[in-house]
Amino acid sequence: MSNQIKIQLPDGSLREVPQGATPLEIANSISPRLAAAVVAARVRPIALVASSANQAALEHSEEEMYSGHHSASERIIGLNTPLQEDLALELLKESDADALQVARHSAAHIMATALLELFPETKLGHGPATENGFFYDVYRETPLTEADLAAVEQRMAEVVQRDEPFVQIFQPREQVLSEYAARGEFMKVHFIERFTAPGEAISLYRNGGFTDFCRGPHVPSTGRVKAFRITSIAGAYWLGDEKNQQLQRIYGTAFFNAKDLEAHFKRLEEVKARDHRVLGKQLDLFSIQEVAGAGLIFWHPKGGLIRKTMEDWMRQECIRRGYHMVFTPHIMRRELWKISGHEGYYADNMYPPMELDDAEYRLKPMNCPGHILIYKNSPKSYRDLPQRYAELGNVYRYERSGTMHGLLRVRGFTQDDAHVFCTPEQICGEIEACLDFAEAVLKTFGFQEYRVELSTRDPNKAGEFVGSEADWNHAEGALKSVLSGRGLSFQTFPGEAAFYGPKIDVKLVDVLGRPWQLSTVQFDFNLPKRFELEYIGEDGSAHQPVMVHRALFGSVERFFGVLIEHYAGSFPLWLAPLQVGLVPISEKHHAYAHSVQQRLEAAGLRVETDLSNQKMNAKIRDFGLQKVPFILVVGDKEAASDSVSVRVRAKGDQGSLTVAEFQQRATRLISEYAMELL
RNA sequence: GCUGAUGUAGCUCAGUGGUAGAGCACUCCCUUGGUAAGGGAGAGGUCAUGGGUUCAAGCCCCAUCAUCAGCUCCA
């Protein structure tokens with residue numbers, strides 16, 4: 001006679017079932033059709049009636065995957081997992097995001113199954129689900145080739161066809177360990193030793209002839225993974241440490257149906273189409289040239305114009321907000337970098353010294369020491385503070401060869417860098433001003449969404465951080481109070497601070513939902529000390545100023561890259577390198593087009609007329625491909641009425657306006673930094 | 001830096017050991033038009049670089065450089 005347990009269903013109803021009943025049995029008792037449709041189950045203690053709508057997606061950290069200790073009170077279980085206690089139970093259908101994660105994890109097992117059937121000597125690492133699919137880390141003396149993967153993919157289809165049930169089994173840890181050890185499965189041995197305790201019965205999942213150390217959950221059988229593809233193969237270090245041997249990481253993705261799979265690849269194509277490297281070429285914005293060196297950017301006329309517009313806005317805004325624009329040298333004596341500490345801590349990222357007659361020089365990787373020298377050049381009174389120095393400073397950092405990525409990771413770049421030197425009393429106001437500025441940047445450039453992160457020191461590792469406890473507490477308190485004062489929600493990351501001070505990072509979220517780390521506001525307790533910075537206080541004695549680093553674009557190059565992808569090359573009018581394309585219908589209309597161009601240019605608009613002897617359709621197409629905001633068609637009708645026929649990017653023909661009306665509208669949109677063209 | 005892939009005309013790409021190709025772009029000619037490609041002709045290439053194998057190399061081998069996908073590291 002077994003005990004009864006209470007199961008609460010999402011509608012709030014309670015059921016009594018025997019202890020050890022499975023979610024599948026419960027589903028069957030509701031309806032066999034439901035049982036056929038469900039994939040997995042979500043359970044939580046019955047007392048906690050949280051709303052399930054906003055639950056974050058299940059995170060498949062390595063720890064969770066193997067340890068069985070879920071951080072959240074809620075967890076996902078397989079349909080055949082016996083229920084032992086009172087629980088709130090939600091049966092997950094294919095439409096549930098967590099169900100897809102489960103299926104992808106199962107797909108990783110299916111891939112491992114296929115792989116071992118074809119290449120039995122392969123050693124397995126781990127195979128989790130990821131945001132977009134799954135992977136499995138494997139090791140083989142002769143690496144797998146892409147041709148091998150095609151065979152694996154084919155075999156996977158057979159494994160799915162066989163519809164092998166996923167069965168959870170428990171075995172004594174020592175037995176499993178010795179079996180794995182006997183087969184040379186060094187990675188599995190490592191994971192079991194790390195994530196399970198001696199004497200435990202450990203969880204394995206078996207499908208057909210394949211058994212894997214895994215705590216699940218899984219879909220009921222391999223047949224439930226209906227649409228999948230192996231996508232790529234790449235290297236990955238064992239345990240993520242580059243000193244360790246390299247494994248092969250085989251990536252794939254899986255869905256419940258072919259339609260979703262296709263949609264996934266279609267979305268990838270769309271992402272590719274807005275890749276800043278692709279658009280940079282198509283729109284002739286910038287290039288990187290092998291003959292000049294990797295990671296070094298050439299800004300072409302159109303990209304250069306956008307950059308100038310960005311920089312003009314930034315400089316103007318800096319001046320308006322009380323910054324002084326300064327300029328500092330690109331190379332400075334090695335001595336300076338010794339004082340700043342970069343020689344010691346940052347040398348790996350710096351270009352090597354150049355020897356000149358008098359001394360050795362190094363290219364600057366950061367602007368801070370230059371701004372500090374300006375500060376130090378004359379004595380400062382508390383009345384002089386705050387001093388805010390801003391510079392669009394070109395810095396050069398040696399990035400390792402495999403790490404460059406278009407505009408987003410380069411060796412030479414321009415920081416919109418500023419340093420604020422102020423008294424401790426002024427610090428809150430300065431931080432506040434920096435955040436206000438950062439928000440203005442995001443808003444002006446069209447980013448609606450962003451995340452704020454506060455990085456503080458790890459109190460347990462105080463020794464690794466420079467500065468007194470009181471300084472840190474004051475600084476962290478200032479950052480927090482300013483963030484809360486502005487009503488910003490933020491996440492705190494203890495231990496993530498730089499060794500020299502706590503910081504606030506602003507991550508913008510682009511139109512595809514991808515986060516980008518750009519703006520940063522950082523305290524610095526290190527450099528003021530190293531450079532012995534001072535100001536004379538009200539009391540007549542010397543004090544050390546507080547120093548704040550702040551960059552808002554982060555780097556002009558990276559910000560531009562993100563901007564290109566955010567807008568997919570269709571820049572708002574004020575940023576568009578070419579704002580108006582003029583299309584004369586035939587040669588007769590060249591003179592009128594010319595007069596329109598002159599008037600619009602006089603109003604500050606960037607205009608180009610297509611004088612080629614193509615048909616107007618072709619001219620419209622050409623401007624359209626260049627993503628020009630406004631295309632103006634002019635023919636007899638327009639010439640007679642001093643008007644233009646307006647075609648708006650992505651919206652098509654919008655009818656006629658007089659030249660004056662169009663000009664007014666365009667200049668208004670520009671002065672408002674408008675995102676839309678109407 | 002590591003693993004793997006790639007590098008052919010301005011761009012996108014064919015070309016698997018025997019005379020370097022296509023489409024688009026470019027130049028010229030014809031065409032003078034009403035909202036996303038009118039027609040014709042022409043020009044354009046040290047096949048990434050440097051070695052090697054071969055009677056013969058874009059193609060096979062080695063090295064280097066760059067790019068791409070990851071890993072690692074970062075604005």
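For clarity, every value in this text was computed on a predicted model and none was experimentally measured. In what follows, chains carry the letters A, B, and so on, assigned in the order in which the sequence lines appear, proteins first and then strands, with residues in each chain numbered from 1.
- If you check distances only, the side chain of A:N613 does reach the base of B:rU31 with a donor-acceptor pair under 3.5 Å.
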Steps toward ring-ring contact (aromatic ring centres under 6.0 Å, His included) verdict (A:W516, A:F447): CA-CA 11 Å; A:W516 297 97; A:F447 297 99; 9.7 Å; no
query: Passes salt bridge (charged side-chain N to carboxylate O under 4.0 Å, His left out), A:E676 versus A:K651? Steps please.
result: CA-CA 11 Å; A:E676 298 297 324; A:K651 294 195 169 68; 3.7 Å; yes
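- Atom name P, nucleotides B:rA63 and B:rA20: the rounded distance is 28 Å, in whole Å.
- Across all strands shown, B:rA75 has no partner, as no Watson-Crick or G-U wobble contact with both distances under 3.5 Å is found.
- Among the nucleotides B:rU72, B:rC11, B:rA75, the one closest to the side chain of A:F413 is B:rA75.
- Residue A:Y592 contributes atom OH, which lies 24 Å from atom P of B:rU32 at whole-angstrom precision.
- Nucleic acid contact for A:E587: base, since at least one base atom lies under 4.0 Å from a heavy atom of the residue.
- When the C1' atom is compared between B:rU67 and B:rU8, the two are found 15 Å apart, to the nearest whole Å.
- Between A:D348 atom CG and B:rG1 atom C1' the separation is 11 Å, expressed in whole Å.
- Taking only side-chain atoms of A:A294, from C-beta outward, the nucleotide of B:rA66, B:rU72, B:rG38 with the closest atom is B:rA66.
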- request: Carefully, step by step, assess A:R550 and A:F437 under the rule side chain to side chain contact (heavy atoms under 4.5 Å, CB included).
  value: CA-CA 10 Å; A:R550 156 257 87 154; A:F437 200 164; 3.6 Å; yes
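- Between the CG atom of A:L296 and the P atom of B:rA75 there is a distance of 19 Å, given to the nearest Å.
- Using a 4.0 Å heavy-atom criterion, one finds that A:G240 contacts the sugar-phosphate atoms exclusively.
- Judged by a 6.0 Å distance limit and a 45° cone about the ring axis, A:R249 is positioned over the six-membered ring of A:F135.
- In this structure, A:H405 reaches the sugar-phosphate backbone alone: every heavy-atom distance under 4.0 Å involves primed, P, OP1 or OP2 atoms, never a base.
- You'll find that the side chain of A:D636 is closest to B:rG34, out of B:rA37, B:rG34, B:rC73.
- Contacts of A:E399 with the nucleic acid, taken as non-hydrogen atoms under 4.0 Å apart, include base atoms.
- Base pairing of B:rA36: no nucleotide in any strand meets the Watson-Crick or G-U wobble criterion (both distances under 3.5 Å).
- The A:I620 side chain lies nearest to B:rA36 when the options are B:rC71, B:rA36, B:rG34.
- Within 4.0 Å (heavy atoms only), A:Q522 reaches no atom of the nucleic acid at all.
- Phosphate contact (OP1/OP2 of B:rU12, side-chain N/O of A:K281, threshold under 4.0 Å): present.
- Comparing B:rA69, B:rA75, B:rG70 against the side chain of A:V410 picks out B:rA75 as the nearest.
- Candidate nucleotides B:rA5, B:rA75, B:rG38 were compared by shortest atom distance to the side chain of A:S555, and B:rA75 ranks first.
- Using a 4.0 Å heavy-atom criterion, one finds that A:V395 contacts no nucleic acid atom at all.
- You'll find the ring centres of A:F465 and A:Y500 outside the 6.0 Å limit.
- Screening A:K503, A:H419, A:Q415 against A:H549 for a side chain to side chain donor-acceptor pair (under 3.5 Å) leaves a single residue, A:H419.
- B:rA25 atom P lies 13 Å from atom CD of A:Q626, rounded to whole Å.
- Using a 4.0 Å heavy-atom cutoff across all strands shown, A:Q614 reaches at least one base atom of the nucleic acid.
- Between A:H126 and A:F191, the distance from one ring center to the other falls under 6.0 angstrom.
- Look at A:R647 and you won't find any side-chain N or O under 4.0 angstrom from OP1 or OP2 of B:rG34.
- When both pairing distances are held under 3.5 Å, B:rG70 makes a Watson-Crick or G-U pair with B:rC2.
- Under the Watson-Crick or G-U wobble criterion, with both distances below 3.5 Å, B:rG21 is paired with B:rC13.
- The nearest whole Å value for the distance from the NZ atom in A:K637 to the C1' atom in B:rG33 is 13 Å.
- Of the candidate nucleotides B:rG1, B:rU31, B:rG38, B:rG1 has the atom nearest to the side chain of A:T403.
- Spacing between atom CG of A:D610 and atom P of B:rA36 amounts to 15 Å, rounded to whole angstrom units.
- If you check every strand for non-hydrogen atoms under 4.0 Å, A:K619 touches nothing.
- Within 6.0 Å of atom OH in A:Y346, more than 12 heavy atoms from other residues, nucleotides or ligands are found, so the atom counts as buried in its surroundings.
- Heavy atoms of A:D622 sit nowhere under 4.0 angstrom from any nucleic acid atom.
- A:D653 comes within contact range of at least one nucleobase, with a heavy-atom separation under 4.0 Å.
- Within 4.0 Å (heavy atoms only), A:R277 reaches sugar-phosphate atoms of the nucleic acid but no base atom.
- For the pair A:Y136 OH and B:rU3 P, the interatomic distance rounds to 24 Å; values are reported in whole Å.
- Put simply, the residue from A:T414, A:N394, A:L407 that forms a side chain to side chain contact (heavy atoms under 4.5 Å, CB included) with A:V556 is A:T414.
- Across all strands shown, B:rG52 is found opposite B:rC60 as a Watson-Crick or G-U wobble partner, with both distances under 3.5 Å.
- Separation of the C1' atoms belonging to B:rA43 and B:rG4 is 40 Å when rounded to the nearest angstrom.
- B:rG45 is unpaired under the criterion used here, namely a Watson-Crick or G-U wobble arrangement in which both key atom distances are under 3.5 Å.
- Not a single donor-acceptor pair, N or O on each side, falls under 3.5 Å between the base of B:rC73 and the side chain of A:R397.
- Within the nucleic acid shown, A:N349 has no heavy atom closer than 4.0 Å to any nucleic acid atom.
- Counting non-hydrogen atoms under 4.0 angstrom, A:I585 reaches a base of the nucleic acid.
- Nucleic acid contact class of A:L625 (heavy atoms, under 4.0 Å, all strands): base.
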- prompt: Could you go step by step and tell me if A:K507 and A:D505 meet the salt bridge (charged side-chain N to carboxylate O under 4.0 Å, His left out) rule?
  reply: CA-CA 6 Å; A:K507 290 194 172 165; A:D505 289 326; over 6 Å; no
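- Atom pair A:D137:CG and B:rC71:C1' shows a separation of 10 Å (rounding to whole Å applied).
- Under 3.5 Å, the side chain of A:R400 and the base of B:rU72 form at least one donor-acceptor pair of N or O atoms.
- When distances run from any side-chain atom of A:I288 to the nucleotides B:rA36, B:rU67, B:rU32, the shortest one goes to B:rU67.
- Residue A:K615 places none of its side-chain N or O atoms closer than 4.0 Å to OP1 or OP2 of B:rG39.
- Contact of A:Y398 with B:rG1 (side chain to base): no donor-acceptor pair of N or O atoms is detected under 3.5 Å.
- Taking the side chain of A:A618 as heavy atoms from C-beta on, and the options B:rA69, B:rG1, B:rA37, the nearest nucleotide is B:rA37.
- Of the candidates B:rG70, B:rU72, B:rC30, B:rU72 carries the atom nearest the A:E242 side chain, counting heavy atoms from C-beta on.
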